[in-house]
Colleague: 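Below you will find the structure I want to go over with you.
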Amino acid sequence: MPTDSPISSVVLERINESPVSGGAGGCKQAYRQPAASQVPEHVFQYHTHGLVTNQCCSAVTQFIAAPIATVWSLLRRFDNPQGYKNFIKSCSLLFGTGNVGTVREVRVISGLPAVSSTERLEILDDERHVISFRVVGGDHRLVNYRSVTTLHEAENGGGTVVVESYVVDVPQGNTKEETCVFVDTIVRCNLQSLSRIAENIFRTNYRL
């Protein structure tokens, strides 16, 4: 990805206010990650979500000290999310071979309020390094969950910034804040695991 992409001081924000008229929500409370508070315009557009009543959204960022190519080689594997997501026990493809439209079923480890999730690959852009999936079924509480993950070079060129945002229905009996805290924790753990694995791969290859 070119390093001279225009940068704007756009702050990733998360919703925990009531949606505006027309059913789409605007982000009201700032969600800040200092290491990636400046996001290229072409990246930010993927993380602008429209909301309906009783939905919330958030975004989590992670710096990885490894090139985009290394990180993307792990992230793009829709058929192997357990390669870096520690909460996933297994994954099987129900339809497709990893291209857009592929449907997978993931089974999660015990201890979480879920058993399985059926997910459809919505975006897989190898040029812009964007991947997105939508939950379409399963035994869990994250109804209408949609995730978008992008990669872009860090400003100093010394690594990769991952931005993952999502939209999800707020489960009955929970608040938007509670829902975001729960999902943010899962996403953050996944991205930290992705960081460790990608950095280990890069260090190993760099020594060769």
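The first residue of the sequence shown is numbered 1, and numbering continues consecutively from there.
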Colleague: Walk me through it: do Cys56 and Val168 pass the test side-chain contact (heavy atoms from CB on, under 4.5 Å)?
Modeller: CA-CA 6 Å; Cys56 63; Val168 67; 3.8 Å; yes
Colleague: For residues Ser193 and Asn190, is any side-chain donor paired with an opposing acceptor at under 3.5 Å?
Modeller: no
Colleague: In the single-linkage hydrophobic clustering (I, L, V, M, F, W, Y; side-chain heavy atoms under 4.5 Å), do Val163 and Ile123 co-cluster?
Modeller: no
Colleague: Between Thr175 and Glu177, is a side chain to side chain donor-acceptor pair (under 3.5 Å) present by the stated rule, with each step listed?
Modeller: CA-CA 5 Å; Thr175 66; Glu177 182 66 24; over 6 Å; no
Colleague: Could you tell me which residues satisfy side-chain hydrogen bond (donor to acceptor under 3.5 Å, both in side chains) with Ser195, sequence neighbours excluded, listed by chain and number?
Modeller: Glu199
Colleague: With distance as the sole test, does Gln55 use its side chain to make a donor-acceptor pair with the main-chain N or O of Val52 at under 3.5 Å?
Modeller: yes
Colleague: Quick check: closest heavy atoms across Ala198 and Ile64, and the distance to 0.1 Å?
Modeller: CB-CG2, 4.0 Å
Colleague: Could you list the residues that satisfy side-chain contact (heavy atoms from CB on, under 4.5 Å) with Ala114, not counting sequence neighbours?
Modeller: Val108, His140
Colleague: The criterion is side-chain contact (heavy atoms from CB on, under 4.5 Å); which residues satisfy it with Val115, sequence neighbours excluded?
Modeller: Arg107, Asp139
Colleague: Side-chain heavy atoms under 4.5 angstrom apart, residues restricted to Ile, Leu, Val, Met, Phe, Trp, Tyr: same cluster for Val130 and Val71?
Modeller: no
Colleague: Following the transitive rule for hydrophobic clusters with a side-chain heavy-atom cut-off under 4.5 Å over Ile, Leu, Val, Met, Phe, Trp and Tyr, establish whether Val162 and Ile201 coincide in one cluster.
Modeller: yes
Colleague: Just jot down the salt bridge (Lys or Arg N to Asp or Glu O under 4.0 Å) partners of Glu122, sequence neighbours excluded, or say none.
Modeller: Arg120, Arg134
Colleague: What distance separates Ser73 OG from Ile197 CD1, expressed to the nearest 0.5 Å?
Modeller: 10.5 Å
Colleague: Tell me, please, which residues at least two apart from Ser92 pass side-chain contact (heavy atoms from CB on, under 4.5 Å).
Modeller: Leu94, Glu105
Colleague: When hydrophobic residues are tied together by side-chain contacts of less than 4.5 Å, even through go-betweens, does Tyr46 share a cluster with Phe133?
Modeller: no
Colleague: Checking side-chain contact (heavy atoms from CB on, under 4.5 Å) for the pair Val106/Glu119: CA distance, chi angles, key distance, verdict?
Modeller: CA-CA 8 Å; Val106 299; Glu119 301 165 354; 3.7 Å; yes
Colleague: State, yes or no, whether a side-chain contact exists between Leu75 and Leu151 at a heavy-atom distance under 4.5 Å.
Modeller: yes
Colleague: Could you measure the distance from the NZ atom of Lys85 to the CG atom of Leu74? Nearest 0.5 Å is fine.
Modeller: 12.5 Å
Colleague: Where do Glu178 and Gly173 come nearest, in terms of heavy atoms and distance?
Modeller: OE1-O, 4.2 Å
Colleague: Taking side-chain hydrogen bond (donor to acceptor under 3.5 Å, both in side chains) as the definition, give me every residue that meets it alongside Thr70, ordered by chain and number, with sequence neighbours left out.
Modeller: none
Colleague: Just so I know, are the side chains of Pro81 and Arg104 near enough to count as touching, which here means a heavy-atom distance under 4.5 Å?
Modeller: yes
Colleague: Which donor-acceptor pairs under 3.5 Å do side chains of residues 141-150 form with protein atoms, sequence neighbours excluded?
Modeller:
residue : atom : partner : partner atom : Å
Arg141  : NH1  : Asn174  : OD1          : 3.1
Arg141  : NH2  : Gln172  : O            : 3.1
Arg141  : NH2  : Asn174  : OD1          : 3.1
Asn144  : ND2  : Asp169  : OD2          : 2.8
Ser147  : OG   : Glu164  : OE2          : 3.1
Thr150  : OG1  : His47   : NE2          : 2.8

Colleague: Say whether Leu191 and Trp72 are linked into one hydrophobic cluster, either directly or through other cluster members, by side-chain heavy-atom distances under 4.5 angstrom.
Modeller: yes
Colleague: Do Tyr166 and Cys180 pass the side-chain contact (heavy atoms from CB on, under 4.5 Å) test, and can you show the C-alpha distance, the side-chain angles, and the key distance before you say yes or no?
Modeller: CA-CA 9 Å; Tyr166 64 85; Cys180 282; 3.8 Å; yes
Colleague: For Thr160 and His152, what are the C-alpha separation, side-chain angles and deciding distance, and is it a side chain to side chain donor-acceptor pair (under 3.5 Å)?
Modeller: CA-CA 6 Å; Thr160 301; His152 67 275; over 6 Å; no
Colleague: For Asp125, what residues pass the side-chain hydrogen bond (donor to acceptor under 3.5 Å, both in side chains) criterion, not counting sequence neighbours?
Modeller: Arg128
Colleague: Could you work out, with side-chain hydrogen bond (donor to acceptor under 3.5 Å, both in side chains) as the rule, every residue matching Arg77, not counting sequence neighbours?
Modeller: Asp79
Colleague: Not counting sequence neighbours, list each pair that qualifies as a salt bridge (Lys or Arg N to Asp or Glu O under 4.0 Å) and has a residue in residues 44-61.
Modeller: none
Colleague: With side chains defined as the heavy atoms from C-beta onward, is the minimum distance between Leu121 and Ile131 less than 4.5 Å?
Modeller: yes
Colleague: Given a cutoff of under 4.5 Å between side-chain heavy atoms of I, L, V, M, F, W and Y, with clusters grown through shared members, what are the other residues clustered with Val170?
Modeller: none
Colleague: So do the side chains of Glu41 and Gln45 get within less than 4.5 Å of each other, counting heavy atoms only?
Modeller: no
Colleague: Not counting sequence neighbours, list each pair that qualifies as a ring pair (Phe, Tyr, Trp, His ring centres under 6.0 Å) and has a residue in residues 76-110.
Modeller: none
Colleague: Quick check: closest heavy atoms across Ser58 and Asp184, and the distance to 0.1 Å?
Modeller: OG-OD1, 3.0 Å
